Amino acid sequence: MCKMSGQKTFTLSQVAQHRSKKDCWFVINGRVLDVTKFLDEHPAGGEVLVEVAGKDATREFSNIGHSKEAQNLLLKYQVGVLQGHAFNEADKNASFVESKHKEMSAFVIKDDDKMPKYQAFLEFVLPLLFTGFYFGYRYL
Ligand code: HEM
């Protein structure tokens with residue numbers, strides 16, 4: 001299912017009506033973002049964001065070379081899409097929840113690929129045997 005289909009569409013002149021510290025929107029890669037709540041959190045301060053408020057800030061955003069984390073954060077502030085913007089398939093289906101999941105999947109221990117038996121033997125049974133022998137030798 002296309003996640004973008006549920007998004008509201010805005011024209012650039014609609015976005016341009018939100019260009020103050022108290023109401024700050026801009027567009028990045030066709031996504032309309034309301035970053036008002038993010039102004040105080042932006043590592044480089046809110047001023048740089050207010051400067052591009054109401055505009056398409058795609059070039060400014062990518063010129064900085066923002067990290068993957070920063071790019072994922074974009075999705076959190078999305079309120080809609082820019083009218084007429086052509087999204088590519090992968091981009092179309094991106095959502096904040098999904099991207100967080102993708103980021104985090106690197107840290108998830110997969111329990112679907114079973115540990116080979118010999119590995120279990122080496123990692124668990126062998127140390128147990130050694131400990132058993134040691135205590136047997138020491139105390140019996
Ligand atoms: C919602 C949009 C934005 C988000 C979520 C965001 C997020 C971030 C984050 C997390 C950083 C820390 C460095 C990193 O992780 O890359 C950063 C740095 C920065 N951002 Fe943004 N940013 C946004 C938009 C912008 C825009 C539109 C501009 C410019 C007009 C901008 C200018 C900067 C600058 C100058 C830095 C400091 C870079 C450095 O110290 O090397 N950001 N931003």
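Quick caveat: nothing in here was measured; it's all calculated off a predicted structure. Start at 1 and go down the list; that is how both ligands and their atoms are numbered. If you read the sequence from its start, that first residue is 1, and numbering goes on from there.
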K.L.:
Run the salt bridge (Lys or Arg N to Asp or Glu O under 4.0 Å) check on K21 and E47 step by step: do they pass?
P.N.:
CA-CA 8 Å; K21 253 183 176 169; E47 275 308 309; 3.7 Å; yes
K.L.:
Between H18 and D23 (side chain of the first, backbone of the second, donor and acceptor by atom type, cut-off under 3.5 Å), is there such a pair?
P.N.:
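No; zero donor-acceptor contacts below 3.5 Å.
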K.L.:
Heavy-atom distance under 4.5 Å between the side chains of N29 and F61, does that happen here?
P.N.:
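No, every pair of side-chain atoms sits at 4.5 Å or beyond.
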K.L.:
Should we count CG of D40 as having more than 12 external heavy atoms under 6.0 Å?
P.N.:
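Counting other residues, nucleotides and ligands, CG of D40 stays at 12 neighbours or fewer.
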K.L.:
What does the N/O contact table under 3.5 Å look like for ligand 1?
P.N.:
from	atom 1	to	atom 2	distance (Å)
ligand 1	15 (O)	S67	OG	2.5
ligand 1	16 (O)	S67	N	2.8
ligand 1	16 (O)	S67	OG	3.2
ligand 1	20 (N)	H42	NE2	2.8
ligand 1	20 (N)	H66	NE2	2.7
ligand 1	22 (N)	H42	NE2	2.9
ligand 1	22 (N)	H66	NE2	3.0
ligand 1	42 (N)	H42	NE2	2.9
ligand 1	42 (N)	H66	NE2	2.9
ligand 1	43 (N)	H42	NE2	2.8
ligand 1	43 (N)	H66	NE2	2.8

K.L.:
Under the side chain to side chain donor-acceptor pair (under 3.5 Å) rule, collect the residues that match up with T131, sequence neighbours excluded.
P.N.:
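Expected list: none.
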K.L.:
Which of these passes side-chain contact (heavy atoms from CB on, under 4.5 Å) with Q83: V15, V32, L12, T9?
P.N.:
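Answer after filtering V15, V32, L12, T9: T9.
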